[in-house]
Visitor: 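Could you have a look at this structure, given as C-alpha cells, before my questions?
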Amino acid sequence: MATGGVVLADANNFFASCEAVFHPELAGKPLVVLSNNDGCVVARSNEAKRLGIVNGTPWFMIRETAERDHVIARSSNYELYGSLSRRMMSILSTFLPDQEMYSIDECFMRSPWDTERTRQVCVDMRRAVLQGIGIPVSVGVAPTKTLAKITNHWAKRHETSHGVTLWHDLAQPDGGTGVLSSIPVEDIWGIGRRMARHLRGIGIRQAAQLRDSDPVAMRRRFSVQLERTILELRGFACIYDADGIGENIRNSALLCSRMFGEPVNSEETIAQAASVYAQYACRRLQRQHSLCTMVSAFCSSGNARSDIPSAAHGSVTLPDPSDDPVIIAAAARSALHGKIIPSVRYARAGVLLTGLVDADSFRTLPTLGADTDPGLGAALEQVSRRFGPMRVGIGCAAGIRGKGRASEEAGARWTMKRNMLSQRCTTRWDEMPTVRAS
DNA sequence: TCTGGGGTCCTAGGACCC
DNA sequence: TCTGGGGTCCTAGGACCC
C-alpha cells in the first residue's frame, strides 16, 4: 500500500466517556447512558459491558439488577456530548485532511502519507485528543471505509494495538483472509440483521466468504449496496461522502420529534409541542443556511405495546421558502389543526421540514416577502445564541425555561423526563464545574 | 389502422447506521 | 406504568412530458 488511505477515528464509549470527563470518580465504574425519557440504554462503559448489559435494553427491565450491581445511570446530555464532539473533531482535523464527520463520535479522514508516517500521525492524534479533552479514541486505517471500520473495531478490542490498527498489519501474510474469516457477516458495516439472515441462508457466514462471492450476481440478487460492500472488502473504495467534506454537509430534510413525558390529548398542548419542535428544527435549518418549502407535523398514540395505534398528520406548503421560526411554527400548528381526536392519548409528536433549498439562492425582494416582521426571527436567533436554546419562544409558555436548573423545563409537563441528567459543564454558565485545590 | 419509449420528478417504503 | 431520535441511500411505481 503506497499511501495510508482511509483513516477512521472513533471515540470509545463516547457518551459514557463524556460523562466521566467532568466526573473522574466515574472512571472504572459500570456506567450506562439512557435515551430520552430515560427509556433504554444507548451507551455503556467497559465495566457495564462486562456485566452483560446490552445496548437498546429498556432501563426499567434491568434497573433492579443493575442497581444491585452498583451500575450508575445517566440521562443523555446532548448539549455536553455535542460540545465535546465539536472539540474532538476540531483537534482531529489539525492532523489529517478531508475530515468527514460521520456521526457525533466518529469521523473519516484521509492520510496522504506512507504506512509508517500514517501510523505515527494516528498515534499522535489519539494522544492529543486524550490530553486535550480526556476522551479515548480508537483509530483504524485501511484502503476503504468498510475495512477501516474493521480495523477500528480491532483497535478497540485488542489492547496490544494501543488504540491504532492498520489494515497493512492485519493483512499480513494472507491478504486479510485470516482476519476476515473470524468476522461474522453481521458485524460488517452495512450488513444489518435482515441481510445477515439472507446471507446465512445461502451459506455465507463470515466476511471472507462475502468478500469472495460474485459481486455482480449478488447485486442482481440483493442490492447495489451489497455489491459495494463486497468490493470494499476487496480493497476497492466505492463508498463516498455524498456532499464533499466537513461542514459542507447539508441535510435534505430536518426532523425533530420526541416522546412526551406523559400522554397528551388536548389539541392545544400538542400545538404547543409542535410549535416548540418547529423552533428547534428552524435553528438547525438556519445553521445549515437552508430554507424550507414544506412543513409537516405529526403525532401518534401508543408505545411499543399499544393496542390500537392512532396517528394524525398534516402538511403545509409555504408560499415562499423560509427559515423564519414565526412562519414555520405557525405552519406546524396549522398542519395539525382539527385533526386531534380528544379521546386518544398521544405519546409523541414531531415536525418535519422538507423541500430544503439553499438560502443564498432564494433571496426574496423585501416587498414580495411574507407579511411578517423580518426582524423577529433574527432576534429570536440572537437571543438563543447568547442565552441558550428556548430562553425565548413563540406564542405560548410551552417549553420555555424558568429560572435556574430545577425548574427550567417546568413550563410544560409533557417535556421528556431526564431525571439523571449530569451538568452541562461546557455550555451553561450556571452549570460550570467547581475545582478545588488542597 | 397504428397504440412507443425514454426521460424526469415525486412519494412511499425498506434497510441500514449511529 | 416504563422500549431514542435522528439520519442516509435505494427501489418501485405513478404521473407527466415530449
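Letters A, B, ... are given to chains in the order of the sequence lines, protein chains preceding strands, and every chain is numbered from 1. Everything numeric here is computed off the predicted structure, so don't read it as measured data.
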Visitor: Of the nucleotides dG4(C), dG6(C), dC18(B), which one has an atom closest to the side chain of Ser35(A)?
Guide: dG4(C)

Visitor: Ignoring the backbone of Met195(A), work out which of dT3(C), dT11(B), dC16(B) is nearest its side chain.
Guide: dC16(B)

Visitor: Separation of Arg221(A) atom CZ from dT11(C) atom C1', in whole Å?
Guide: 19 Å

Visitor: May I ask you to decide whether Glu100(A) forms a salt bridge with Lys145(A), counting only side-chain N to carboxylate O separations under 4.0 Å?
Guide: yes

Visitor: Could you tell me how far apart Phe260(A) (CZ) and dT3(C) (C1') are, to the nearest whole angstrom?
Guide: 17 Å

Visitor: Provide the Watson-Crick or G-U wobble partner of dC18(B), both distances under 3.5 Å; none if there is no partner.
Guide: dG5(C)

Visitor: Expressed in angstrom and rounded to an integer, what is the separation of Arg283(A) atom CZ from dG6(C) atom C1'?
Guide: 17 Å

Visitor: Report the distance from atom CE of Met259(A) to atom C1' of dG4(C), rounded to the nearest whole Å.
Guide: 9 Å

Visitor: Considering every strand and a 4.0 Å limit on heavy-atom distances, what is the contact class for Arg258(A): base, sugar-phosphate, or nothing?
Guide: sugar-phosphate

Visitor: Is the shortest side-chain N to carboxylate O distance from Arg333(A) to Glu268(A) below 4.0 Å?
Guide: yes

Visitor: Just checking Phe298(A) against Tyr346(A), ring centres under 6.0 Å apart?
Guide: no

Visitor: Could you pick out which residue, Lys417(A) or Leu352(A), lies toward the 5' side of DNA chain C when each is mapped onto its nearest nucleotide?
Guide: Lys417(A)

Visitor: In whole angstroms, how far is the C1' atom of dG5(C) from the CZ atom of Phe298(A)?
Guide: 10 Å

Visitor: Return the nearest nucleotide to the side chain of Phe60(A); candidates are dT3(C), dC16(B), dC18(B).
Guide: dT3(C)

Visitor: Please state how far atom CZ in Phe108(A) lies from atom P in dC18(B), giving the value in whole angstrom units.
Guide: 9 Å

Visitor: How do Tyr78(A) and Val224(A) order along DNA chain C: which one's closest nucleotide is nearer the 5' end?
Guide: Tyr78(A)

Visitor: Glycosidic conformation of dT1(B), syn or anti, with 90° from 0 as the boundary?
Guide: anti

Visitor: Taking 4.0 angstrom as the limit, do Asp10(A) and Lys156(A) come out as a salt bridge?
Guide: yes

Visitor: Mind calculating the distance between NE2 (His198(A)) and P (dG14(B)) to the nearest angstrom?
Guide: 13 Å

Visitor: Check every atom of dG5(C), dG6(C), dT11(B) against the side chain of Cys256(A) and return the nucleotide holding the closest atom.
Guide: dG6(C)

Visitor: Please check if any side-chain donor atom of Asp324(A) sits under 3.5 Å from a side-chain acceptor atom of Ser322(A), or the reverse.
Guide: no

Visitor: Base, sugar-phosphate, or nothing: which does Arg228(A) touch, judged by heavy atoms less than 4.0 Å apart?
Guide: sugar-phosphate

Visitor: For dC2(B) versus dC18(C), give the span between their P atoms, rounded off to a whole number of Å.
Guide: 27 Å

Visitor: Over all strands shown, is Met61(A) touching base, sugar-phosphate only, or nothing at heavy-atom distances under 4.0 angstrom?
Guide: nothing

Visitor: Using a cut-off of less than 4.0 Å, is there contact between a side-chain N or O of Trp189(A) and OP1 or OP2 of dC18(B)?
Guide: yes

Visitor: Could you check whether Leu34(A) gets within reach of a base, just the sugar-phosphate, or nothing at all, counting any heavy atom under 4.0 Å?
Guide: nothing

Visitor: Whole angstroms only, please: what is the CG-P distance between Asn419(A) and dT1(C)?
Guide: 19 Å

Visitor: For the pair Arg63(A) and Glu67(A), find out whether any cationic side-chain nitrogen is under 4.0 Å from an anionic carboxylate oxygen.
Guide: yes

Visitor: Describe the nucleic acid contact of Asn37(A) in one word from base, sugar-phosphate, nothing, applying a heavy-atom distance below 4.0 Å.
Guide: nothing

Visitor: Side chain of Tyr102(A), heavy atoms from C-beta onward: which of dG5(C), dT3(C), dC17(B) has the nearest atom to it?
Guide: dC17(B)

